[in-house]
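Order of appearance sets the numbers: ligands from 1, and atoms from 1 within every ligand. Values in this document were obtained by computation on a predicted structure and should not be read as measured data.
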Amino acid sequence: MAKPRQLITLLYFLIAFVMHCHSSQERKVHVVYMGEKPTGDNVMEPTPYYMQCLERVLGSTEAAKESLIYSYGRSFNGFAAKLSDQEVARFSGMEGVVSVLPNTMFQLHTTRSWDFLGFTDHQSHHVGDSKGGDVIIGIIDTGIWPESASFNDEGFGPPPAKWNGTCQTNNNFTCNNKIIGARYYNGQKAYFEDDIESPRDSLGHGSHTASIAGGREVEGASYYGLAKGVARGGAPDARIAVYKVCWSIGCYAADVLAAFDDAIADGVDIISISIGQSFVVHYWEDPAAIGSFHAMKRGIFTSASAGNFGPDRAAVQNYAPWLLTVGASTIDRKFVSYLVLGNGQIFTGYSINSFEHKGTLFPLIWGGDAANYSANFIPQTSSYCYPGTLDSYKVMGKIVLCEDPSDGYGVIMGNGVGIIMPSQPKDNIAAPFSLPTTLISREDISRVMEYIRSSKYPEATILVSEAVKDDSAPYAASFSSRGPSPIAPDILKPDLTAPGVNILAAWSPTAPASVYRDDTRSTEYYVNSGTSMSCPHASGAAAYVKATHPTWSPAAIKSAIMTTAYVIDPNKYENEREFAYGSGLLNPAKAVDPGLVFNASAWDYMDFLCKQGYNTTTLRLISGDRSACRRTKPGRGWDLNYPSFSLPIEDGNKINGIFRRTVTNVGSPNSTYYATVDVPESLNVTVKPSVLPFSAVGEKKRFVVEVSGAEVSQVPIISGSITWNDGVHAVRTPLVVYTVLPSAFNFSSPTTKSAATAASVHPKNGIFWGY
Ligand SMILES: *[C@@H]1O[C@H](CO)[C@@H](O)[C@H](O)[C@H]1NC(C)=O
Ligand SMILES: *[C@@H]1O[C@H](CO)[C@@H](O)[C@H](O)[C@H]1NC(C)=O
Ligand SMILES: *[C@@H]1O[C@H](CO)[C@@H](O)[C@H](O)[C@H]1NC(C)=O
Ligand SMILES: *[C@@H]1O[C@H](CO)[C@@H](O)[C@H](O)[C@H]1NC(C)=O
Ligand SMILES: *[C@@H]1O[C@H](CO)[C@@H](O)[C@H](O)[C@H]1NC(C)=O
Ligand SMILES: *[C@@H]1O[C@H](CO)[C@@H](O)[C@H](O)[C@H]1NC(C)=O
Ligand SMILES: *[C@@H]1O[C@H](CO)[C@@H](O)[C@H](O)[C@H]1NC(C)=O
């Protein structure tokens with residue numbers, strides 16, 4: 001296989017996902033997921049058991065041996081193996097098999113951000129008896145650069161006693177008392193030139209996310225002098241365990257599941273996963289949902305990125321109710337790079353430009369005026385400046401105006417000295433390029449065009465970027481995937497938003513120092529944007545909560561993080577509001593003292609699954625115990641004890657919904673909470689009772705929320721909130737009402753069909769092109 005040239009956009013890799021729907025004799029990697037580990041005395045060891053299953057289907061021990069890629073079995077039941085379509089069909093019908101998944105590809109989706117969140121360095125250190133040092137954050141990503149100053153272990157003692165992991169030290173990789181474990185997974189043996197066969201991160205992404213969640217303070221960190229200051233993670237004292245599943249080609253499902261299987265058994269407390277699949281699947285076809293379900297059962301909290309497919313509706317990824325889904329928003333720092341024209345006009349653009357044009361004016365040309373006619377390109381196409389479309393004689397030594405954003409490769413090929421590109425409205429995303437670049441609005445692109453057309457010798461210069469205050473923050477980034485949940489409209493997703501725009505954090509010195517992948521410069525800190533960056537902010541905050549309250553369940557931690565979030569003004573948004581930011585902006589300092597929590601056990605999530613159409617047979621496969629689905633009317637998930645309220649209404653129907661919730665007191669023993677409802681006039685909302693007196697910590701109280709209103713149709717979102725207040729704590733939960741098609745309630749039970757079949761009939765499958 002040739003090395004696929006990664007088309008790096010401003011934000012992340014675009015990887016085409018090819019569906020294989022045709023029948024094939026060729027054996028391809030699949031995951032055979034078999035639910036919870038069986039318990040009891042007569043249970044076989046996992047590997048011999050899987051071999052036995054494989055032998056039965058494949059016909060020989062030899063074939064079974066050759067086919068098996070992974071035995072999971074440390075934390076849940078299942079294996080990965082090479083199977084033909086017929087073999088997949090046989091496994092799909094087999095007793096005990098929950099689902100058979102193709103080995104689909106996942107995509108990878110400072111540090112001013114913590115200060116912006118009001119979370120001081122001092123606060124981040126003073127938590128719990130162990131000062132945070134007992135909390136282990138598992139990072140499922142591209143690996144880590146262990147020599148980075150962000151992961152220095154000076155002052156750290158040996159790993160906590162509960163640690164049961166390992167460090168794979170191939171090719172010169174080392175762990176320390178900060179990075180206490182590291183593993184890598186590449187079941188397909190798909191290594192390409194940039195890949196290092198060890199947990200070492202050659203791409204930069206995993207080092208970036210790990211340092212956001214748990215990096216220690218590093219003074220004087222900057223990207224070529226820009227954004228200079230202290231780089232730090234949310235939980236600087238936490239330990240880091242690394243699970244490398246992403247390579248230059250992407251991240252495979254079988255590897256992601258293997259990482260969860262190990263992370264759970266190794267003893268991590270928090271799992272941070274900044275990757276996702278770009279098509280809609282049910283929970284048991286989604287490795288991140290399966291893995292985080294088993295993690296939740298063992299008290300491990302998972303935080304996942306919402307995806308970079310916004311601002312499309314229902315584009316949110318990682319939407320299982322037992323994990324925290326994190327969207328991305330801006331911080332109060334933006335990077336501007338001014339464009340100065342020969343006539344003195346100045347335009348404000350966005351980009352991380354560390355290059356000094358030193359005020360020198362360079363000739364300015366429109367890409368369309370440099371069409372490479374010999375290669376049969378015309379001005380209209382060359383105006384986008386795609387690689388190979390420009391005439392290098394005309395571009396050499398010039399600043400080029402391009403009509404489409406790119407990594408700049410087309411202009412670099414033609415030896416241009418600068419690029420002007422159009423920006424996305426509202427985002428202020430600034431990406432680093434390998435030559436002076438600025439992104440200006442489409443309107444300003446037209447103004448610069450006018451200047452080019454009206455001057456004999458158009459000239460321009462691009463100034464070094466400056467960090468300036470952004471008063472519009474926090475604003476949900478347009479790339480951040482929006483809700484509602486594509487498969488469970490009763491659960492509001494994403495859960496909240498966290499900083500994910502222009503975040504400075506650790507980088508691999510061997511990774512490209514800009515969005516241009518052949519950039520040969522080296523940097524130890526890098527400015528990056530995406531929900532990949534917002535997710536580890538929530539993971540860091542969760543580690544802080546866990547260090548303070550080691551016995552809290554994943555649902556309690558999640559509730560604490562959501563109900564204490566900074567309120568975002570919905571009036572800044574038109575049709576998306578909570579579907580862009582969920583409960584609001586992460587507020588780590590408040591999350592340790594939420595007052596009340598909406599707790600939930602594994603049983604509660606299984607009850608939710610019953611209401612989504614699972615029956616006792618299918619449920620037991622997943623739970624591995626004697627749990628049963630009571631005979632409830634299938635279809636609604638309103639009563640899952642979730643810290644938000646989502647009410648989907650079929651077009652033309654009256655608004656009508658009842659939610660039952662239970663809150664647990666984790667604040668002062670004696671306290672009385674009063675409910676406040678904040679909703680627009682189109683809704684009638686009552687909370688019964690509206691006063692909840694508590695006399696002990698751990699005491700539980702129930703309440704019921706009734707929502708009603710007139711007939712509605714085509715309502716994108718009505719947003720409000722319910723807040724419980726005791727004078728000290730404000731426990732805020734968003735409430736949204738929106739209209740859906742009747743088909744939104746056609747829930748599906750776990751399918752024993754392969755996900756490729758399931759996905760191919762789903763409207764949201766296929767290739768997504770993000771920004
Ligand atoms: C540690 O991992 C090993 C290997 O998977 C397992 O056998 C053992 O039970 C684990 N120990 C603990 C305490 O979880
Ligand atoms: C091991 O890693 C260190 C630090 O990156 C490097 O200096 C050294 O050359 C490496 N050695 C080998 C054999 O790769
Ligand atoms: C025109 O395009 C071809 C193919 O991309 C390229 O090889 C050639 O160098 C280009 N010509 C100039 C003058 O840039
Ligand atoms: C939440 O429920 C779990 C059991 O599911 C329990 O262990 C925990 O103590 C409860 N409370 C909190 C605050 O986590
Ligand atoms: C449970 O659901 C599965 C999958 O939808 C179905 O095949 C099975 O017949 C159901 N079992 C019962 C007892 O309804
Ligand atoms: C809480 O109130 C009860 C009765 O009002 C009282 O007996 C108890 O001492 C109080 N507890 C605390 C910790 O204040
Ligand atoms: C809310 O309830 C009141 C009293 O029952 C009723 O008069 C009013 O029309 C209701 N408003 C809506 C929007 O349904």
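- Here Ala556 has side-chain heavy atoms under 4.0 Å from ligand 4, and that is the only part of it that gets that close.
- Under the 4.0 angstrom criterion, atom 7 (O) of ligand 3 counts as lacking any protein heavy-atom contact.
- The Tyr393 neighbourhood of ligand 3 comprises atoms 13 (C), with distances under 4.0 Å to a heavy atom of that residue.
- Here Arg239 does not pair with Asp134 in a salt bridge; the nearest charged N to carboxylate O distance is not below 4.0 Å.
- Within ligand 3, counting atoms from 1 as listed, the ones closer than 4.0 Å to a heavy atom of Gly388 are 2 (O), 5 (O).
- With ring centers used as reference points, Phe598 lies 6.0 Å or more from Tyr642.
- Remark: Asp407 does not engage Arg517 in a salt bridge, criterion side-chain N to carboxylate O under 4.0 Å.
- Each of the following atoms of ligand 7 lies closer than 4.0 Å to a heavy atom of Ser682: 13 (C).
- The closest protein non-hydrogen atom to atom 10 (C) of ligand 3 is Asn372 ND2, 2.5 Å.
- Distance check, rounded to the nearest 0.5 Å: CD of Glu711 to CD of Glu650 gives 13.5 Å.
- The protein reaches atom 14 (O) of ligand 3 closely, with a heavy atom under 4.0 angstrom from it.
- The cationic atom of Lys546 (NZ for Lys, CZ for Arg) does not lie both less than 6.0 Å from the six-membered ring centre of Phe301 and within 45° of the ring axis.
- No salt bridge links Arg74 with Asp261; every basic N to acidic carboxylate O contact stays at or beyond 4.0 Å.
- Between Leu390 and ligand 3, at least one N/O pair is under 3.5 Å apart.
- Atom numbering of ligand 4 starts at 1 in the shown order; those under 4.0 Å from a heavy atom of Ser601 are 5 (O).
- Close approach of ligand 4 to Asn599 (heavy-atom distance below 4.0 Å) involves ligand atoms 1 (C), 2 (O), 3 (C), 8 (C), 10 (C), 11 (N), 12 (C), 14 (O).
- Close approach to Ser392 involves these atoms of ligand 3, each under 4.0 Å from a residue heavy atom: 12 (C), 13 (C), 14 (O).
- No salt bridge links Asp369 with Lys398; every basic N to acidic carboxylate O contact stays at or beyond 4.0 Å.
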